[in-house]
Chemist: 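Starting off with a structure, shown below.
Basis for what follows: all heavy atoms, side chains included, without hydrogens, waters or symmetry-related copies.
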Amino acid sequence: GTVYRAVKISQPAKAGPDGLRTAVLTYCVDVSNSVLVNADTGKVFERPVDTTTYLETTTLIEAKDDDCRVATIRNKEATC
């Protein structure tokens, strides 16, 4: 399966003009043992052999109901 390493979360930023606070979560994702399957067809997606680890950055927004939601997820190939 997928392995997550080096997980870090920032301190929440002060609320902006919209009253919402944000925090950033960064982590390394190792997908070398993962299998991605199309749920409709059962077909396995092929992945390039050399693409196995990614550095992901997720921005969370604290909404007015005090729940956090994912605003963005960005990733790039990385050795981590």
Side-chain angles (χ1 to χ4, degrees):
T2 303
V3 176
Y4 297 88
R5 294 190 294 265
V7 178
K8 297 177 185 171
I9 188 163
S10 70
Q11 290 293 321
K14 291 183 179 181
D18 55 6
L20 303 178
R21 296 187 315 158
T22 61
V24 177
L25 180 66
T26 58
Y27 47 91
C28 179
V29 180
D30 183 344
V31 296
S32 59
N33 293 315
S34 299
V35 178
L36 185 60
V37 179
N38 183 309
D40 295 328
T41 65
K43 181 179 177 181
V44 175
F45 288 95
E46 296 297 324
R47 180 187 352 262
V49 177
D50 59 345
T51 306
T52 60
T53 56
Y54 299 90
L55 178 62
E56 289 199 341
T57 303
T58 301
T59 302
L60 305 168
I61 293 178
E62 183 182 40
K64 294 185 189 281
D65 61 5
D66 293 329
D67 284 343
C68 288
R69 293 175 175 79
V70 173
T72 60
I73 298 177
R74 302 283 185 255
N75 62 41
K76 62 181 177 180
E77 292 181 36
T79 302
C80 51

Chemist: Taking the side chain from Arg5 and the backbone from Cys80, do they hold a donor-acceptor pair closer than 3.5 Å?
Modeler: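 Yes; judged by distance alone, with no hydrogens or angles, the pair exists.
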Chemist: Are Tyr54 and Val7 connected into the same hydrophobic cluster when the rule is that any two of I, L, V, M, F, W, Y join if their side-chain heavy atoms are below 4.5 Å apart?
Modeler: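 In one cluster with Val7: Tyr54, yes.
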Chemist: Can you confirm whether the side chains of Thr22 and Thr59 place a donor and an acceptor under 3.5 Å from each other?
Modeler: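 There is no such pair between these side chains.
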Chemist: Looking only at heavy atoms, which two atoms of Gly1 and Ser34 are closest? And how far apart?
Modeler: C-OG, 3.4 Å
Chemist: Atom NZ in Lys76, atom CD in Glu56: separation rounded to 0.5 Å?
Modeler: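 Interatomic distance, Lys76 NZ to Glu56 CD, rounded to 0.5 Å: 12.0 Å.
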Chemist: So if I apply the side-chain contact (heavy atoms from CB on, under 4.5 Å) rule between Val31 and each of Thr53, Val3, Thr2, which one comes out positive?
Modeler: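 Exactly one pass, corresponding to Thr2.
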Chemist: Spell out, yes or no, whether Val29 and Ile73 are grouped together once hydrophobic residues are joined by side-chain heavy atoms under 4.5 Å, including indirect joins.
Modeler: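 Looking at the clustering, Ile73 is in the same group as Val29.
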Chemist: Provide the closest heavy-atom pair for Ala23 versus Pro12 in the form atom of the first, atom of the second, distance.
Modeler: CB-CA, 4.2 Å
Chemist: For Arg69 and Ala63, which heavy atoms make the closest approach, and how far apart are they?
Modeler: NH1-CB, 2.9 Å
Chemist: Would you kindly confirm whether Phe45 and Val35 end up in one hydrophobic cluster when ILVMFWY residues are joined by side chain heavy atoms under 4.5 Å apart?
Modeler: no
Chemist: Rounded to the nearest 0.5 Å, what separates atom SG in Cys68 from atom CD1 in Ile9?
Modeler: 7.5 Å
Chemist: Of the non-hydrogen atoms in Lys14 and Arg21, which two are nearest, and what is the gap between them?
Modeler: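 Closest approach of Lys14 to Arg21: C-CG, 4.1 Å.
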Chemist: For residues Leu60 and Leu55: do they belong to one hydrophobic cluster (side chain heavy atoms under 4.5 Å, members Ile, Leu, Val, Met, Phe, Trp, Tyr)?
Modeler: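 Leu60 and Leu55: separate clusters.
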